[in-house]
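Read the structure below first, then the notes.
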Amino acid sequence: MHKSYAIGDSSLHVLKGIDLNVEEGEMVAIMGSSGSGKSTLLNIIGMLDEADSGEYILDGLPIKNLTEKKAAVYRNKFLGFIFQSFNLINYKTALENVALPLYYQGLKRKERQEKALFHLGKVSLADWAKHLPKELSGGQKQRVAIARALAANPKLLLADEPTGALDTKTSYDIMAFIQQLNDEGKTILMVTHEEDIANMCKRIVRLRDGVIMEDKKVNQVRAEQYV
Ligand code: ADP
Ligand code: MG
């Protein structure tokens, strides 16, 4: 897979022949220095962006030339996202944030609320359902974001530096939760530049200047021992 960005008259070649296969149930850390193309790769995998050449196959489906509508259906069905900055909607409560993707699945209001509350419960935030993001701590906000990402039951959870804005203890809290999801079978792909976080995954893929320079299995360090 190749990807370049146009910058004025020139172009920046960011991904230079990425060849990556991830099986169902894996938990993979994508590492590399700033600017090495980690977010670009994750965004292509997440169907937020497209490669210039090469092919991308998600759950047996070639992701190519999809209409916006079809892309949205696939994204909703297959993919959940979490980000460093949480990306919650500020004027919506925790419950409303989690319920939002269910709206796009066509669920009725009551069903959306029930399902959202269930997922908030799974991240131990049922009591915080009516609170706004600004009333929550960083770790709580990320848990709401995780609940939102999981509400539509995606096959693949994509995380771009999910612990990047959190202190160490809160980071390990979040990692313990993500590991538990993986234990239950969810496939996880996460960008991080922290070695301790990467070692809590099961495989580390290192990018450098747009190519994979290392791809190795690791003995997963369990996060719950620190929380
Ligand atoms: P990482 O996540 O590893 O820090 P990115 O994938 O965000 O790296 O970016 C890789 C390179 O591509 C960087 O040099 C960045 O400035 C550039 N880049 C990323 N997105 C765009 C864009 N939309 N337009 C132009 N350049 C971009
Ligand atoms: Mg990035």
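Counting starts at 1 for both ligands and their atoms, in listed order.
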request  = Answer yes or no for Ser34: is there an N/O/S atom below the 2.8 Å cut-off from the Mg ion (ligand 2)?
outcome  = no
request  = Give the residue, atom name and distance (to 0.1 Å) of the protein heavy atom nearest atom 1 (P) of ligand 1.
outcome  = Gly35 N, 3.5 Å
request  = Heavy-atom distances under 4.0 Å are what count here, so tell me which part of Leu12 touches ligand 1: side chain, backbone, both or neither.
outcome  = side chain
query = Is it the case that Asn87 and Ser85 place a side-chain donor and acceptor less than 3.5 Å from each other?
reply = yes
query = Any idea which part of Ala6 is under 4.0 Å from ligand 1, heavy-atom wise: side chain, backbone, both or neither?
reply = neither
query = Should Gly37 be listed as contacting ligand 1, given a heavy-atom distance under 4.0 Å as the test?
reply = yes
inquiry  = Looking only at the side chains, is there a donor atom on one of Thr163 and Tyr172 sitting less than 3.5 Å from an acceptor on the other?
reply    = no
key: Within reach of ligand 1, part of Val14 (heavy-atom separation under 4.0 Å)   = side chain
key: For atom 7 (O) of ligand 1, the protein heavy atom that lies nearest, with its residue and separation   = Ser39 CB, 3.6 Å
request  = Around atom 27 (C) of ligand 1, find the nearest protein heavy atom and jot down its residue, atom name and distance.
outcome  = Tyr5 CD1, 3.2 Å
ask   = Pick one: which of Leu120, Leu88, Leu125 meets side chain to side chain contact (heavy atoms under 4.5 Å, CB included) with Val98?
value = Leu120
ask   = With a cut-off of 4.0 Å, which atoms of ligand 1 are near a heavy atom of Ser33?
value = 3 (O)
query = Can you tell me if Thr40 and Asn43 form a side-chain donor-acceptor pair at under 3.5 Å?
reply = no
query = Hey, is Glu195 close enough to Arg206 for a salt bridge, meaning N to O under 4.0 Å?
reply = yes
ask   = Which protein non-hydrogen atom lies closest to atom 6 (O) of ligand 1, naming both residue and atom, and how far is it?
value = Thr40 OG1, 2.6 Å
ask   = Any protein heavy atom sitting closer than 4.0 Å to atom 16 (O) of ligand 1?
value = no
message = Between the side chains of Lys38 and Asp160, is the shortest nitrogen-to-carboxylate-oxygen separation below 4.0 Å, so that they form an ion pair?
response = no
query = Do the side chains of Tyr104 and Leu156 join up, straight or via other hydrophobic residues, at under 4.5 Å, putting them in one cluster?
reply = no
request  = Verify the distance criterion only: is there a donor paired with an acceptor across the side chains of Asn182 and Lys202 at less than 3.5 Å?
outcome  = yes
